[in-house]
Amino acid sequence: AAGAERYFTRWYKADVKGRPCEDFCVLQHSNICVITLAEAHPLLQSGKTIKSINYQISANCSRLQNKVSGKSKRGAQFLTELAPLCRISSSDGEEYTIYSCIRGRLIEVNENILSNPALLQEKPSTEGYIAVVLPKFEESKSITQGLLTQKEYEEVLLKRRNSSS
C-alpha cells in the first residue's frame with residue numbers, strides 16, 4: 001500500500017450536500033476509484049473518536065450485501081454521486097454519512113474498518129479507505145468533472161482558514 005500514492009490521482013469533493021467541511025477524496029487509478037475521507041473531514045480532526053461504522057443504508061439496503069461476481073462485475077450495486085456508502089458515528093454523538101461522490105458500481109467496501117475503525121483516521125487513504133467504485137468505462141474520463149484537483153482543494157482549505165480567522 002506504500003506505493004498507492006504514486007499510482008493514484010487524488011480528486012476532492014468539498015462540502016458534500018452543503019455540509020461544511022464534509023469533504024471526500026477519490027483516488028483514481030486507471031478506471032478504479034477508491035473513496036476515502038479528505039484531510040479536512042470532521043472525523044479526521046483531533047479529538048474525534050469513531051464509535052461505529054454502519055454499511056446498512058436503509059432497511060433494505062446494506063452495502064455489505066454487495067456481492068460482485070465475475071469479470072463483468074455482476075451483482076454490484078449501482079451508485080450515483082450522492083449514494084450513501086456508510087454512516088459513521090463519532091463518540092461525541094455526531095453522525096456522518098459518507099457518499100460515493102462518483103457514479104459507478106460498488107466493487108467492494110472495506111470491512112476491515114468495521115472491526116478497526118481507527119484505520120479510518122490513521123490511514124484514511126490506504127487501509128482506512130471506505131469503498132472501491134468502478135465507473136462505467138465510457139464515463140471514467142468525465143467522472144472527475146465535478147471534482148477538485150489537489151491544488152483546487154488546497155485553495156478551498158485556504159479560503160476556509162481565512163474566513164474563520
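Please read these numbers as outputs of a predicted model, since none were measured by experiment.
Contact check for R103 versus F78: side-chain heavy atoms found under the 4.5 Å cut-off. A 4.5 Å side-chain heavy-atom check between P124 and L44 finds at least one atom pair inside the cut-off. Between I32 and V132, the closest side-chain pair of non-hydrogen atoms falls below 4.5 Å. Using a 4.5 Å heavy-atom threshold, the side chains of P117 and I53 count as touching. Side-chain contact between S125 and C25 is absent, with no heavy atoms from C-beta onward closer than 4.5 Å. The shortest side-chain heavy-atom distance between S89 and E94 does not fall under the 4.5 Å cut-off.
There is a side-chain donor-acceptor pair under 3.5 Å between D92 and S90. Donor-acceptor pairing under 3.5 Å is recorded for the side chains of R63 and Q77. Under the 3.5 Å distance criterion, with hydrogens and angles disregarded, a donor-acceptor pair is assigned to the side chains of E108 and Y129.
In terms of hydrophobic clustering, with Ile, Leu, Val, Met, Phe, Trp and Tyr side chains grouped at heavy-atom distances under 4.5 Å, L64 and L120 are assigned to a common cluster. Both I35 and L43 are part of a single hydrophobic cluster, where members link through side-chain heavy atoms under 4.5 Å apart. Y96 and L119 fall within the same hydrophobic cluster, where Ile, Leu, Val, Met, Phe, Trp and Tyr residues are linked whenever their side-chain heavy atoms come under 4.5 Å apart, directly or through other members. Side-chain heavy atoms closer than 4.5 Å link hydrophobic residues (I, L, V, M, F, W, Y) into clusters, and following such links, possibly through other members, connects I107 to V34. When hydrophobic clusters are built by joining Ile, Leu, Val, Met, Phe, Trp and Tyr residues whose side-chain heavy atoms come closer than 4.5 Å, directly or via intermediates, L82 is grouped together with L106.
Atom NZ of K48 sits in a crowded spot, with more than 12 heavy atoms from other residues, nucleotides or ligands closer than 6.0 Å.
The backbone N or O of I113 sits nowhere less than 3.5 Å from a side-chain atom of E127 that would complete a donor-acceptor pair. With hydrogens and angles ignored, the 3.5 Å screen pairs no side-chain donor or acceptor of Q65 with any backbone N or O of S62. Between the side chain of R87 and the backbone N or O of I57, at least one donor-acceptor pair lies under 3.5 Å. Distance alone, capped at 3.5 Å, places no donor-acceptor pair between the E81 side chain and the S100 backbone. T97 contributes no side-chain N or O that, together with a main-chain N or O of P84, makes up a donor-acceptor pair within less than 3.5 Å.
How far CD1 of I143 is from NZ of K136: 9.5 Å, rounded to the nearest 0.5 Å. Interatomic distance, I50 CD1 to I88 CD1, rounded to the nearest 0.5 Å: 5.5 Å. To the nearest 0.5 Å, atom CG of residue D15 and atom SG of residue C21 are 6.5 Å apart.
Using a 30° and 60° split on the angle between ring planes, F24 and H41 fall in the tilted class, from 30° to 60°.
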**Study point:** L158 vs E154, side-chain contact (heavy atoms from CB on, under 4.5 Å): CA-CA, chis, key distance, verdict
**Key:** CA-CA 6 Å; L158 207 60; E154 281 161 13; over 6 Å; no

Review point. For Q28 and F8, what are the C-alpha separation, side-chain angles and deciding distance, and is it a side-chain contact (heavy atoms from CB on, under 4.5 Å)?
Key: CA-CA 5 Å; Q28 187 185 34; F8 286 95; 5.7 Å; no

Point to revise | Derivation and outcome, side-chain contact (heavy atoms from CB on, under 4.5 Å), residues W11 and T149 | key: CA-CA 5 Å; W11 298 93; T149 62; 3.9 Å; yes

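Salt-bridge formation is not detected for the pair K159/E155: no Lys NZ or Arg NE/NH1/NH2 atom is positioned less than 4.0 Å from an Asp or Glu carboxylate oxygen. For K13 and D23, the salt-bridge test fails: no basic side-chain N is under 4.0 Å from an acidic carboxylate O.
The side-chain contact (heavy atoms from CB on, under 4.5 Å) with I102 is formed by just one residue from the set L147, T80, L134, L79; it is L147. Between I130 and the options N110, V109, L37, a side-chain contact (heavy atoms from CB on, under 4.5 Å) holds for only L37.
Nearest heavy-atom pair, V26 versus C101, reported as atom, atom and distance to 0.1 Å: CG2-CB, 4.1 Å. Nearest heavy atoms, E95 versus R19: O-NH2, 4.1 Å. Of all heavy-atom pairs between G18 and P20, the closest is O-CD, 3.3 Å.
Not a single ring pair (Phe, Tyr, Trp, His ring centres under 6.0 Å) links Y99 to another residue, sequence neighbours left out. Applying the ring pair (Phe, Tyr, Trp, His ring centres under 6.0 Å) test to Y55 and every residue at least two apart in sequence or in another chain returns nothing.
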